*Asks:* 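Starting off with a structure, shown below.
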2 protein chains.
Amino acid sequence: MSLRYALLALLTAQPMTGYDLAKAFHVSVGHVWHAPDSQIYPELKRMVADGVIEGEAVAWGPKSTKTRYSISAAGIEAFTRWLDEPVEYPYDRDPAHLRAAYFEWADPDSARARLREHIVHYTERRAQWQGQLDAIRDRTHPILARRIQTDTRHSAEAIAAFKEFTYEGFVERADQEIAWARRGLALVDALQPGGAEPDRG
Amino acid sequence: MSLRYALLALLTAQPMTGYDLAKAFHVSVGHVWHAPDSQIYPELKRMVADGVIEGEAVAWGPKSTKTRYSISAAGIEAFTRWLDEPVEYPYDRDPAHLRAAYFEWADPDSARARLREHIVHYTERRAQWQGQLDAIRDRTHPILARRIQTDTRHSAEAIAAFKEFTYEGFVERADQEIAWARRGLALVDALQPGGAEPDRG
DNA sequence: TATACCATGTAATAAGTTACATGATTTG
DNA sequence: CAAATCATGTAACTTATTACATGGTATA
């Protein structure tokens, strides 16, 4: 159900067509709550049916139209009500840590490969999150800039501060995962003296 | 597909009936990869069909039987092959951080409530993970103890070290989430001077 | 005029969630 | 003999994944 609120959040910044919204999604809130286009379009239809957004057809070329969606009063209400509800935490399900727990069954080089992949994965994620953070801090993030312009009820300071806060948490998480995997590499080396060269990195 | 390997991992320690396995699951690897009984039993049937485990009926009372499952040679092979494959990282989908990003729309007391709930949630999780860690370290963890007894190819040291390593990562993650939420409380207070009492905790 | 990209999906599948169901057995 | 718990699920639903589909529009 979070996808709905992620989309509502985007539409509090400005009305958008489905396509623009999907694009904006992937470069902003999609970093926090992933969804493919094939999930976004049907959800938008359901949201119209439920009255939380409105869709109007706008001309596109000589014989085509596209739909521009805007949040309704009911949508604003649903969005703020959602913020008042407790979070439903997902169950723990962590494929990387699951494997790490049974590394005694893996070839030491295989274990090292998994840990290095973990570092690569979180290094890439970290770069993405840090990129968001930088753009939020210097106000070059296009969706944030637009939001600050159009939102009259909230201060630019507060709008940006909570987005910064969110991504800071992710960057710290990435750092923690990288540090954890490095310790794992050291552990594999310690348990398997004479294996591959100890990792420097 | 990870559920299958979590179950195989448990069965490398010893053969178990479905019921015992489900119970053991919930107090051990279920902390890393959650699954309800209603997912475990059907998966066991599929695993028998795929030949990675074998089920034998054992008498239970005068007129009933239960099934005892043991890992097969093919199962051991599937399990170790799984450790050789790269991890498929799930997409990011974080309901708590998603909300935090839009706290400017929330009543400050609502934002505080969400952040306090975050602290409570991770404090509880941390206690569970730390409990596992303590039991692993002093070798009182029943499944680990059994595993160390029955596993002739891996050293007790390595078996325990990787489980420790796994749970250490979770404990650190919990600490990070708690610290993050505390900073969030401070941020809400800073943006809303004169709101509720600043949090001490 | 071809290529990129705009626009919007559908279909099939997989995985996981919640609620409920049923009967046998052991134990106090 | 009642209660707990052992034992094993099924059904209905929701959510998400992957792959594919289709045609219009702008631009070089």
Side-chain angles (χ1 to χ4, degrees), chain A residues 1-7 10 15-27 29-50 53 55-69 82 87-95 98, chain B residues 1-7 10 15-27 29-50 53 55-69 82 87-95 98:
Chain A
M1 216 51 190
S2 290
L3 174 57
R4 166 161 305 200
Y5 299 101
L7 294 170
L10 264 185
M16 275 180 271
T17 65
Y19 186 83
D20 289 339
L21 197 140
K23 294 299 141 201
F25 187 92
H26 297 309
V27 298
V29 68
H31 287 112
V32 187
W33 192 271
H34 169 88
D37 291 358
S38 65
Q39 207 186 345
I40 292 173
Y41 285 109
E43 181 62 26
L44 287 170
K45 291 213 144 180
R46 261 175 263 131
M47 287 164 76
V48 171
D50 293 345
I53 61 175
E56 51 163 341
V58 298
W60 178 53
K63 24 180 168 180
S64 202
T65 62
K66 53 187 175 179
T67 311
R68 163 167 281 121
Y69 296 101
W82 170 70
V87 171
E88 286 182 37
Y89 286 86
Y91 293 114
D92 293 305
R93 217 171 260 126
D94 188 319
L98 178 59
Chain B
M1 216 51 190
S2 290
L3 173 57
R4 167 162 303 201
Y5 299 102
L7 294 170
L10 264 185
M16 274 180 272
T17 65
Y19 186 83
D20 289 339
L21 198 140
K23 294 299 140 200
F25 188 92
H26 297 308
V27 298
V29 68
H31 288 111
V32 186
W33 192 274
H34 168 90
D37 292 357
S38 65
Q39 208 186 345
I40 292 173
Y41 284 109
E43 182 61 28
L44 286 171
K45 288 212 146 179
R46 261 176 262 131
M47 289 165 77
V48 170
D50 294 344
I53 60 175
E56 50 161 344
V58 298
W60 177 53
K63 25 181 165 176
S64 201
T65 62
K66 53 187 174 178
T67 311
R68 160 167 281 123
Y69 295 101
W82 170 71
V87 171
E88 287 183 39
Y89 286 86
Y91 293 114
D92 292 304
R93 218 170 261 129
D94 188 318
L98 178 60

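Model, not experiment: these values are computed from the prediction.
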*Asks:* Please check the phosphate of dA15(C) (OP1 and OP2 only) for any side-chain N or O of Tyr91(A) closer than 4.0 Å.
*Replies:* no

*Asks:* When you measure from the side chain of Thr67(B), which nucleotide among dT8(D), dT17(D), dT8(C) comes out closest?
*Replies:* dT8(D)

*Asks:* How many Å lie between NE2 on His26(B) and P on dT8(D), as a whole number?
*Replies:* 13 Å

*Asks:* With rounding to the nearest 0.5 Å, note down the distance linking CG in Leu44(B) to OH in Tyr69(B).
*Replies:* 5.0 Å

*Asks:* Going through the distances and angles, do Arg4(B) and Asp50(B) end up as a salt bridge (Lys or Arg N to Asp or Glu O under 4.0 Å)?
*Replies:* CA-CA 11 Å; Arg4(B) 167 162 303 201; Asp50(B) 294 344; 2.9 Å; yes

*Asks:* Measure from the side-chain N and O atoms of Arg93(B) to the backbone N and O of His34(A), and report whether any donor-acceptor pair falls under 3.5 Å.
*Replies:* yes

*Asks:* Heavy atoms within less than 4.0 Å of DNA chain C: which residues of residues 34-44 of chain B have one? Give them sorted by number.
*Replies:* His34(B), Pro36(B), Ser38(B), Gln39(B)

*Asks:* So is Lys45(B) actually on top of Tyr41(B)'s ring, under 6.0 Å and inside 45° of the axis?
*Replies:* no

*Asks:* Measuring from atom CD of Glu43(A) to atom CD1 of Ile53(A), what distance do you get when rounded to the nearest 0.5 angstrom?
*Replies:* 8.5 Å

*Asks:* When the distance from CG of Asp20(B) to P of dT25(C) is rounded to whole Å, what number comes out?
*Replies:* 17 Å

*Asks:* Quick check on DNA chain D: between Ser2(A) and Lys23(B), whose nearest nucleotide comes earlier from the 5' end?
*Replies:* Lys23(B)

*Asks:* Can you check the Leu7(B) CG to dT8(D) C1' distance for me, whole Å?
*Replies:* 15 Å

*Asks:* Which nucleotide in the set dA7(D), dG9(C), dA16(D) lies at the smallest distance from any side-chain heavy atom of Tyr69(A)?
*Replies:* dG9(C)

*Asks:* Specify the separation, in whole Å, of atom CD of Glu88(A) and atom P of dT14(D).
*Replies:* 14 Å

*Asks:* Please determine whether side-chain contact (heavy atoms from CB on, under 4.5 Å) holds for the pair Leu98(A) and Trp82(B), giving the CA-CA distance in whole Å, both sets of side-chain angles, and the decisive distance to 0.1 Å.
*Replies:* CA-CA 11 Å; Leu98(A) 178 59; Trp82(B) 170 71; 3.8 Å; yes

*Asks:* Within the pair Arg46(A) and dG9(C), is there a side-chain N or O less than 4.0 Å away from OP1 or OP2?
*Replies:* no

*Asks:* Which whole-number value in Å describes the distance from Met16(A) CE to dT8(C) C1'?
*Replies:* 17 Å

*Asks:* Starting at atom NZ of Lys66(B), determine the distance to atom C1' of dT22(C), rounded to an integer number of angstrom.
*Replies:* 18 Å

*Asks:* When you check the phosphate oxygens OP1 and OP2 of dA15(C), does a side-chain N or O of Arg4(B) lie under 4.0 Å from one of them?
*Replies:* no

*Asks:* Between Tyr19(B) and dT8(D), is there a contact of a side-chain N or O with OP1 or OP2 at under 4.0 Å?
*Replies:* no

*Asks:* Could you grab the distance from atom CH2 of Trp33(A) to atom CG of Leu3(A), nearest 0.5 Å is fine?
*Replies:* 8.5 Å

*Asks:* Does dG9(D) have OP1 or OP2 under 4.0 Å away from a side-chain N or O of Lys45(B)?
*Replies:* yes

*Asks:* For the pair His26(B) and Ile40(B), evaluate side-chain contact (heavy atoms from CB on, under 4.5 Å) and give the outcome as yes or no after the intermediate values.
*Replies:* CA-CA 11 Å; His26(B) 297 308; Ile40(B) 292 173; 4.3 Å; yes

*Asks:* Counting primed atoms plus P, OP1 and OP2 as sugar-phosphate and everything else as base, spell out the protein contacts along nucleotides 20-28 of chain D at 4.0 Å heavy-atom distance: B, S or - for each nucleotide, 5' to 3'.
*Replies:* ----BS---

*Asks:* Is Tyr5(B) close to Val29(B) at the side-chain level, that is, under 4.5 Å between some pair of heavy atoms?
*Replies:* no

